[in-house]
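Here is the structure we will look at.
Just so we're on the same page: letters track the sequence lines, and every chain starts at 1. This is a predicted model, so every value here is computed, not measured.
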There are 4 protein chains.
Amino acid sequence: MNKRHSWEKRIEQLQNEKNMTPKQAKILQAAIELFARKGYFNTSTNEIAKLAGVAEGTIFRHYQTKKELLEAILAPAIMDFTATFFVDQFIADAIHTSHKNMREFLEAFTRNRFEFARQNTPAVRILLQELAFHPDMQETIKQLFMKKIYPRLTKVLVHFQSQGELKDIEMPAIIRMMISPILGLVINRFIIQPHAEHDDEKEIRQTVDFIMNGLGK
Amino acid sequence: MNKRHSWEKRIEQLQNEKNMTPKQAKILQAAIELFARKGYFNTSTNEIAKLAGVAEGTIFRHYQTKKELLEAILAPAIMDFTATFFVDQFIADAIHTSHKNMREFLEAFTRNRFEFARQNTPAVRILLQELAFHPDMQETIKQLFMKKIYPRLTKVLVHFQSQGELKDIEMPAIIRMMISPILGLVINRFIIQPHAEHDDEKEIRQTVDFIMNGLGK
Amino acid sequence: MNKRHSWEKRIEQLQNEKNMTPKQAKILQAAIELFARKGYFNTSTNEIAKLAGVAEGTIFRHYQTKKELLEAILAPAIMDFTATFFVDQFIADAIHTSHKNMREFLEAFTRNRFEFARQNTPAVRILLQELAFHPDMQETIKQLFMKKIYPRLTKVLVHFQSQGELKDIEMPAIIRMMISPILGLVINRFIIQPHAEHDDEKEIRQTVDFIMNGLGK
Amino acid sequence: MNKRHSWEKRIEQLQNEKNMTPKQAKILQAAIELFARKGYFNTSTNEIAKLAGVAEGTIFRHYQTKKELLEAILAPAIMDFTATFFVDQFIADAIHTSHKNMREFLEAFTRNRFEFARQNTPAVRILLQELAFHPDMQETIKQLFMKKIYPRLTKVLVHFQSQGELKDIEMPAIIRMMISPILGLVINRFIIQPHAEHDDEKEIRQTVDFIMNGLGK
DNA sequence: AATGAATGAGCTTTCATTCAT
DNA sequence: GATGAATGAAAGCTCATTCAT
């Protein structure tokens with residue numbers, strides 16, 4: 001409980017970026033905690049207000065609706081997640097330099113997503129939980145994936161196929177099989193068993209090995 | 001839309017087993033459809049009554065609470081899921097006969113889970129969606145997994161390790177890496193893209209190959 | 001207070017026509033009283049529920065929204081008002097028989113509107129008060145007037161102009177000058193000074209004389 | 001839209017009289033516009049602040065309550081309206097000189113009220129709309145009418161009765177029948193159809209003729 | 001004088017559940 | 001068994017008003 005999670009730093013950053021009032025920060029923090037713990041529909045604005053130590057009306061001064069509060073929590077995480085695919089070194093390098101092979105790329109990718117999940121655990125949890133119930137969010141995510149992530153990933157993976165490092169299977173299948181174990185790793189680590197002992201290094205290596213053996217030539 | 005899904009047969013079975021009245025069956029069917037489409041919290045008993053063509057009071061004659069209605073939907077699916085691990089041929093055979101190897105077991109397992117998902121799509125969808133919000137259900141599932149499924153699975157997999165067919169990694173990691181791609185396959189097929197074209201045979205084979213290459217020696 | 005107003009009978013009729021539950025009738029009655037006394041926006045559904053002796057939720061079982069409750073009160077009055085222009089004797093007679101002159105028509109018209117106001121006092125009051133704030137209602141009334149009432153009235157008045165009984169002024173001006181004193185009479189009688197002593201017969205006669213002298217040739 | 005209404009000059013006057021700050025003037029202007037358009041209860045102080053371009057708190061620095069803001073809008077109009085009956089030439093003349101007859105008085109009176117409505121359209125609109133809902137304002141207006149306007153008007157009209165220019169009917173009936181068409185003219189001109197084409201001269205003359213014929217001997 | 005964040009009472013509306021018929 | 005009117009607690013949200021800056 002008192003252990004300081006790395007995502008708590010992340011939330012502080014968030015608060016500083018947009019210069020919020022202390023009360024607004026409290027509201028955001030309370031909402032994140034409650035949404036993550038009990039879900040969006042199961043959390044009342046009254047509860048959020050109480051946990052944040054503000055009047056209920058204060059919530060609605062800063063966020064017009066409860067839904068907007070949810071979006072204020074998820075939007076930055078989603079944007080961060082997407083941004084990675086543009087600026088991060090590992091993508092650019094994979095294509096433009098030749099000294100990186102498939103394994104190095106996969107490891108960088110896995111570590112990167114792993115750290116993202118560590119730093120955004122509550123948002124990731126909320127996103128996973130709520131995605132099913134908010135068709136507008138589904139559409140947003142779908143668009144994001146199809147337009148930003150899928151093409152970039154494909155570009156890299158096709159490159160490795162041409163290098164003979166990756167099996168000649170249809171891209172959707174490759175991506176699904178590559179992502180599944182990474183998601184399995186991350187979700188188990190941060191969502192299902194966040195309090196269990198984990199040898200992160202070892203688990204990451206095992207997962208990368210598994211995918212490499214499964215998909216490599 | 002009018003295509004008869006295989007899980008509709010499943011519901012009929014359910015009615016016969018417990019000899020329900022037609023009204024009760026209608027209620028169950030309506031609840032399954034709405035819970036799957038909009039989630040438990042987003043579905044009102046009023047809506048269920050309307051879709052089922054019964055009075056709202058009738059629902060509470062058969063199910064004491066709304067939660068009980070949810071459980072009445074999920075319980076059979078969960079029991080069926082578990083039952084498989086006891087009675088199904090593939091488990092017993094895997095252990096007691098020697099003519100089956102790791103690949104055959106894995107393929108049988110994958111096909112079995114795949115067909116289960118096909119026949120219980122709405123229940124699976126509801127279970128995945130709601131699990132996060134109902135701690136009591138989480139506990140039930142956890143117990144079930146730890147006491148019934150995990151030990152049986154371990155027994156089989158240890159056997160294959162002893163046969164030299166399976167890498168010598170810790171069991172939790174093996175199970176996670178084995179299950180992740182199967183879940184990825186099934187969720188993509190029945191939840192995320194249920195209406196897309198799928199070559200099920202091919203995708204199952206690819207997935208089994210992937211796991212075999214990844215985990216086999 | 002204990003004097004039985006004729007509009008109270010009117011409300012009972014209303015309740016019997018659509019067969020309401022007793023509670024619904026109570027709600028309607030309470031809403032009419034409060035809307036008439038304090039206005040729509042100034043009356044809370046909580047107040048209505050209390051005066052009607054029902055739970056607040058009961059209101060919303062019968063009327064989806066507060067606005068719908070307002071419409072349920074006004075719609076019958078508006079329809080009655082319009083209906084008069086189709087079925088009432090005075091219109092048909094004025095045109096089709098020759099024994100009625102302008103004065104007789106005007107007197108019939110005035111008495112008819114006077115009695116309507118007497119029997120629908122609360123609804124008329126509410127309509128006058130709220131019309132300004134509900135653009136949708138404004139549009140409804142405007143349409144009603146332009147399509148149903150104005151043409152009929154014009155037909156009759158043109159007839160009297162051709163008979164030389166009515167000044168040759170533009171129709172809109174005639175209608176405005178004819179209606180103004182009738183409205184003045186009715187509003188003063190039932191809205192502004194409902195509790196003052198009134199010699200209705202005399203006031204109606206004076207008003208008719210006034211209009212006849214003002215508009216007649 | 002951009003045409004400069006005569007009541008806008010009136011508002012400027014208002015500002016100079018009471019030497020307001022520019023902010024206060026903006027608030028008043030915004031409140032007048034919104035109250036006239038949407039009604040008092042339908043307009044929030046937040047909206048007023050936004051339209052006025054001030055902080056919400058600023059409104060309450062100048063006006064203790066929202067109600068006080070309404071009164072600040074209506075009071076000057078009401079006072080102006082009443083003042084007319086004291087200082088205006090047409091009243092004094094009508095009584096003290098003999099060269100003015102009933103028709104001249106009525107025409108002066110009608111034109112005077114017509115111009116008042118033109119110059120105070122928004123305030124008149126607000127007054128008409130809100131009068132029904134504010135018993136205190138009703139009382140004020142009633143007192144004003146009974147003590148200031150009614151006696152003066154009676155004095156003049158009795159004078160014309162004694163001159164044989166006006167029918168011998170009870171004063172309340174005369175006043176009602178005289179005022180109704182003037183109100184009808186004014187309300188139609190400035191409230192109901194402010195954007196329609198109007199031949200003001202003609203309509204005023206028609207109305208005066210109508211009343212003269214109706215009430216004159 | 002001016003701000004605008006904060007308040008909390010009160011609003012309309014929803015909904016699982018009860019119960020007389 | 002079945003009904004559906006009725007309930008009342010709780011939900012999301014609004015808004016006039018206050019107050020520290």
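Residues from residues 38-52 of chain C with heavy atoms under 4.0 angstrom of DNA chain E, sorted by number: Thr43(C), Ser44(C), Thr45(C). The stretch residues 59-68 of chain B touches DNA chain E through Phe60(B), Thr65(B), Lys66(B), each having a heavy atom under 4.0 angstrom from the strand. Residues from residues 30-37 of chain C that place a heavy atom under 4.0 Å from any atom of DNA chain E: there are none.
Comparing Gly57(C) and Pro22(A) along DNA chain E, the residue whose closest nucleotide (by nearest heavy atom) sits nearer the 5' end is Pro22(A). Between Glu56(B) and Gly53(C), the residue anchored closer to the 5' end of DNA chain F is Glu56(B), taking for each the nucleotide with the nearest heavy atom.
Using a 4.5 Å heavy-atom cutoff, the side chains of Gln143(A) and Glu139(A) are in contact. Side-chain atoms of Lys67(A) and Asp136(A), non-hydrogen and from C-beta on, do get closer than 4.5 Å to each other. Side-chain contact between Gln29(D) and Leu51(D): absent, with no pair of heavy atoms (C-beta onward) separated by less than 4.5 Å. Side-chain contact between Thr45(D) and Phe60(D) is present, with at least one heavy-atom pair separated by less than 4.5 Å. Between Val54(A) and His62(A) the shortest side-chain heavy-atom distance does not fall below 4.5 Å. Put simply, the side chain of Glu56(A) does not reach to within 4.5 Å of the side chain of Ile48(A), judged on heavy atoms.
Counting non-hydrogen atoms under 4.0 angstrom, Gln24(C) reaches nothing in the nucleic acid. Across all strands, Thr58(A) comes closer than 4.0 Å to base atoms (heavy-atom distances).
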- Item | Dot-bracket notation for DNA chain F, counting Watson-Crick and G-U pairs under 3.5 Å, with | for partners on another strand | .||||||||||||||||||||
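For the salt bridge (Lys or Arg N to Asp or Glu O under 4.0 Å) test, no residue two or more places apart in sequence or in another chain qualifies with Lys50(B).
The line from CG of Asn120(C) to CD1 of Ile73(C) is 12.5 Å long, rounded to the nearest 0.5 Å.
When each of Leu70(D), Ile126(D), Leu34(D), Leu69(D) is paired with Tyr40(D), the side-chain contact (heavy atoms from CB on, under 4.5 Å) condition holds for Leu70(D) and for no other.
Heavy atoms only, all atoms of each residue included: Phe35(A) and Gln129(A) are closest at O-OE1, 3.5 Å.
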- Using the side-chain hydrogen bond (donor to acceptor under 3.5 Å, both in side chains) rule, take Tyr63(D) and Gln24(D) through it: C-alpha gap first, then chi angles, then the decisive distance, then the call. CA-CA 9 Å; Tyr63(D) 307 94; Gln24(D) 191 173 0; 3.3 Å; yes
- Would you please test Lys38(B) and Phe133(A) for side-chain contact (heavy atoms from CB on, under 4.5 Å) and show each step? CA-CA 6 Å; Lys38(B) 315 176 26 179; Phe133(A) 308 122; over 6 Å; no
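Chain B approaches DNA chain F over the interval dG1(F) to dG4(F), counting the first and last nucleotide 5' to 3' with an atom under 4.0 Å from its heavy atoms.
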